[in-house]
Structure formats: C-alpha cells, structure tokens
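The following block contains the structure, expressed as structure tokens.
Because the structure is predicted, anything quoted here is derived from the model rather than measured. We count ligands from 1, going down the list as the structure has it; atoms in each ligand are counted the same way. The chain is numbered in sequence order, starting from 1.
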Amino acid sequence: VNAPPSLRLQPPRPAWGLRLPTRKSLTAGTGIRVLDPPQRVTLALAASGGPPLAPGVVTGQRVLRGEPIAGAGVPGTTRIHASIAGTVTAIDSRMVAGLAAPVPCVTIEGDGDDTPWPGYGPTADAEELPAARLRELVAMAGIIGLGGALFPTAGKLSGEAPAHTLLVNGAECEPYISCDDALLRERSDRVVDGARLLLAATGIRRAVIAIKSDMTAARIALYDALQAARDPRLDLALVTGRYPAGGERQLVELVVGCEVPAGGLPRDAGVVCQNVATTAAVADFLRRGQPLISRIVTVTGGAVAAPCNIEARLGTSVAALVAAAGGYTGAPRRLVMGGPMMGIALPDDELPMTAATNCVLAATALDLAGGTGGAELPCIRCGHCIEVCPARLLPQELLVAWRQDDLGALDHLGVAECIECGACDYACPSHIPLARRFVAAKARLQAGAAAAVEARLADERSAARTARLAREADARERELAAQLQPPGPPA
Ligand code: SF4
Ligand code: SF4
C-alpha cells in the first residue's frame, strides 16, 4: 500500500501582497446550485483568447448538447461545443462578458429537451494512453484555462522545456470569489483524478495541489480524496491568504520555491500550472465524455439577494445568473465580472457569460469601499506601492516614467512583468490608479514591439526581393553574354 499524501506546511509568508477582507463568507457555506439549461445561449467563437474559430454550423441547424460547433476536423484545435440542445438562430458578432469588443458568436435557441450529443463517451484506460493522444483529447474536449486566462489547456501541457512539477492552483485569492473553493468542497475527487490524468498527459512525475490555508472545508475534502487515491505522486500545499498568492508566478515561488524568469512562463522554471476547475474538466471529459459546456460561477455582492455558487451552461446571460441567486436587492453600484481587485466592469447584465466568468459581483458602495477610489492626489513617495508589489516592481518609478511618456524607461523598469493585480492601487494613500496606467503602458509597448517585428520582417522581405532581382539580372546578363559569344572555329 502506498503512503498517504504528504501535507506540506505553509511556505514562508511572502514579503509582498496585501491582507484583504475576503468577504467570501457570503457564499463560502453554500453548495453548488446546478442551473437548468437556459432558453438561449450565446457562445463566443474566440473564447480561448486567440483568433476566432470558423463556425462549423449554419443558421437554422439543429445541434445537441455537447456537439462541436467550431474547431472540429482541425487536429489539435480546441473545440467549442453547444452548451444546450436546440437550433442555431444567429451567427454574428456580439459583445460577451469580459471582452471590450464584439466577437463572432453562435446563438442557440433551446428546444427544452437537452438531448446529449452521442459523439463522446468515457475514454477507456485513459492513463495508459500515450501523452500526445491525451493532449489531443483535452483539445477535443474544448478545455481552456478556467482560472481566467482562457489559454488552451492542451497547448500548456506540451512544451519543449522539461517540467518537474504540475502545480494545481486552488489558491483562490481574490475577495468574494469562492467557485474553486466550492468545487474543492464538493468535487475534490474529480480534481485529484484530473491531476493524475494531467500527469499522464505531460509525463511529469509529481503534482502539488495548492490551496489557501484558511480553506478548511476544502482542505478536509481534498485530503480525503488524496487519501482515497493513495498516489504518492500527489501532494497538498497550504499557502498564505495574502493577495495575490494565487497568481501563477507567485504560487510557483511560494510552493515550488523557484522564480519564473522575467518574460518567461512557469514552464521555463520546470512547472506546469493548471487551475483546479480546469483539472476537474479534464477528468469530466476523459471519465464521462463531458466536454466543456459549463462552469461554476460565484454570484455575489451586497446587491444580490441570495449569493451562491452556480454551475451554469456557457453562454447563459449574466441576468439569468443573478436571477438564480435571488435577483437584485437594489440597483448595484457596479456590476463586475470577477472580483473587486482584478474584475472587469460589465455595461449591463444582458451579456452572456464565458468560460472566464468565475464571478459576477453586483457591488454596492459598501462592497467597493476601501482601497481604490477617491480623488487622485500627488504622490507622496511613501513607498507603500513598492512594499506590496508581488512582481517586485517600483510602481512609483513606473508612474514617473508614465507621466513623462518615457516608454524606454517603462520597459527598462519592467512594466511588462506587471500582473495587473491592483495591489499598488489598493495600498496607495493618494488614490493613484497605478495599475490602469501600467496596463496601458504594456499595451503600447506590445504594439511597439509588434510594429518593430513587422518592420524587421518588411526589411527582410525587401532585402530578399532585392537579392532575388539581382540574381535574376545576373543570370540574364550571363545568358545574353553566352548568346553573343562569336562562334568558334569550324572543326
Ligand atoms: S503608494 Fe502612491 S503615494 Fe505612495 S509612493 Fe506609491 S504612488 Fe506614491
Ligand atoms: S498592479 Fe503591477 S505594479 Fe501594481 S502591485 Fe500589481 S504587479 Fe505590482
């Protein structure tokens, strides 16, 4: 019999970050409420952050629950699936929650019977399959990073750099959000099973599931699931509740003890990170043939009557999520997708949720109190922003460079490493919206870098064309010279 899983003690408290009021108690005690399929869903065809996929359906076509609607037939492409059974009523560009511009979408009007597509089923002996085949199946299942990044999971599992640790991230550090906590409390066995399948899909020999030390019920459930699995490759790590300990780079540092190089990915430090919900989604597909068509969303805030965690089909409207949580108690001061630190304000609740919608926060003024807000005052050079920055940047110096419009200095000071956590904003007594400026600076630098690459490629194309024309002219001259040669003496 293998030894039970080891429980790793809490790593040392980091010098960075904030201890925030978590406000998770609003939903932390509630179970997962599974929402009935809605009458209509709108599914973004660019849900994984890359260029949109071409739709594989046409208007008027009948689809079943779980049927691919984009990406099928292209090996290695992360598919998108119908989240309800019904009829495709529109294929057009629409706004979805969390994105700033319209994206191509497929809208399905439900027929009420929710018939499942018969094309998928459990994968027999999944752990015995070659790693490359497992990664193909993960792409087929349409699984993307449910921690919010939406990066295609299959892509993250393959890589040139060798990896020694699979880090399963359950350290949900943003206030209010408890969807991962709910998943761990109720479905820890799926997370543990998914971690084992991900080990098989990567060839990595060790997995660590990291949660916050104050997630008591989740810790008990997870420990039970780990004991039942009796797999010595799996460990449980408890990390600090400081914000943003759940950030990928911060978690690698806290749990694995190594730093992700600047400009690099966790893989460059030998670590593959996956969110707990993503990990469970892998088990859902390989064990039950269930592609990614739903996710758990925390619906919370002072303007919601009965905050709770809801499992909802992708493409459900935010309004339907709020209605399932008892509706509004009054007009929210702000409607946010995500938490109060890194969330994105929603213009209205008619937008459909996506796989990135981990939380809908209908916030009152009280929910938004503390941290950011108030009139912006001059920087007093107190250094609080530097103390809290998890990326070890100098926000105060970055601010100076931003005000001087000095992109070179912003680049030199490492603004690209900013994880946009907003901790500096929260700590700033002068209410300076630092993070927003750094996001803009990053976008300008990226645009500049893309333009520089395009200019270099244009130079290379131009040089190649000039060389080709010179070669052709040379060849023509040699041919002409050969034709003009006087004939030799008769033999
Ligand atoms: S926290 Fe605000 S006031 Fe203090 S140094 Fe940073 S930017 Fe300036
Ligand atoms: S938003 Fe950027 S600069 Fe500010 S604390 Fe977070 S990582 Fe540091």
**Request:** Heavy-atom contacts with Ile380 under 4.0 Å: which atoms of ligand 1 show up? List them by number with element.
**Result:** 3 (S), 8 (Fe)
**Request:** With rounding to the nearest 0.5 Å, note down the distance linking CZ in Arg233 to CZ in Arg206.
**Result:** 13.0 Å
**Item:** Verdict with supporting geometry, Ser178 and Thr27, side-chain hydrogen bond (donor to acceptor under 3.5 Å, both in side chains)
**Value:** CA-CA 7 Å; Ser178 65; Thr27 53; 2.6 Å; yes
**Item:** Glu417, portion touching ligand 2 at heavy-atom distance under 4.0 Å
**Value:** neither
**Asked** Can we say Arg381 and Glu397 salt-bridge, meaning some charged N sits less than 4.0 Å from an Asp/Glu carboxylate O?
**Response** yes
**Message:** Regarding Asp284 and Arg190, does a basic nitrogen lie under 4.0 Å from an acidic carboxylate oxygen?
**Reply:** yes
**Asked** Between atom 8 (Fe) of ligand 1 and Cys379, is there an N, O or S atom separated by less than 2.8 Å?
**Response** yes
**Message:** Show me which atoms of ligand 1 lie under 4.0 Å from any heavy atom of Arg381.
**Reply:** 5 (S), 8 (Fe)
**Item:** atom 6 (Fe) of ligand 2 - nearest protein heavy atom and its distance
**Value:** Cys421 SG, 2.3 Å
**Message:** Please list the nearest protein heavy atom to atom 8 (Fe) of ligand 2 with its residue and the distance rounded to 0.1 Å.
**Reply:** Cys389 SG, 2.4 Å
**Item:** Any N, O or S atom of Cys418 closer than 2.8 Å to atom 4 (Fe) of ligand 2
**Value:** no
**Request:** Take every heavy atom of Pro395, measure it against each atom of ligand 1, and state whether any distance is under 4.0 Å.
**Result:** no
**Message:** Treating Asp224 as the side-chain partner and Ala221 as the backbone partner, does any N or O pair qualify as donor plus acceptor under 3.5 Å?
**Reply:** no
**Request:** Would you sort out whether Gln274 and Thr279 count as a side-chain hydrogen bond (donor to acceptor under 3.5 Å, both in side chains), showing the intermediate values?
**Result:** CA-CA 6 Å; Gln274 294 292 346; Thr279 306; 5.6 Å; no
**Request:** Output the list of atoms in ligand 2 that are nearer than 4.0 Å to some heavy atom of Phe438, sorted by atom number.
**Result:** 3 (S)
**Message:** Go through it in stages, so that I can follow the logic: the residues are Arg437 and Glu376, the test is salt bridge (Lys or Arg N to Asp or Glu O under 4.0 Å), and I'd like the CA-CA distance, side-chain angles, deciding distance and then a yes or no.
**Reply:** CA-CA 13 Å; Arg437 288 164 184 177; Glu376 182 176 335; 3.0 Å; yes
**Request:** Do me a favour and list the nearest non-hydrogen protein atom to atom 2 (Fe) of ligand 1 with residue, atom name and distance?
**Result:** Cys428 SG, 2.4 Å
**Message:** What I'd like to find out is whether the side chain of Glu248 reaches to under 4.5 Å of the side chain of Leu167, using heavy atoms alone.
**Reply:** no
**Passing candidate, side-chain contact (heavy atoms from CB on, under 4.5 Å) with Leu226, options Val191, Leu234, Asp231** = Leu234
**Message:** I need the atoms of ligand 1 closer than 4.0 Å to a non-hydrogen atom of Ser430, numbered in the order shown.
**Reply:** 3 (S)
**Item:** salt bridge (Lys or Arg N to Asp or Glu O under 4.0 Å) evaluation trace for Asp405 with Arg444
**Value:** CA-CA 11 Å; Asp405 200 24; Arg444 285 182 63 192; 2.7 Å; yes
**Item:** Test item, Ile419 contacting ligand 2 (heavy atom, 4.0 angstrom)
**Value:** yes
**Request:** Taking only heavy atoms of Gly422 into account, list the atoms of ligand 2 that are under 4.0 Å away from them.
**Result:** 1 (S), 6 (Fe)
**Item:** Heavy-atom nearest option to atom 5 (S) of ligand 2, drawn from Cys424, Ala435, Ala427
**Value:** Cys424
**Asked** Quick one: nearest non-hydrogen protein atom to atom 4 (Fe) of ligand 1, plus distance?
**Response** Cys382 SG, 2.3 Å
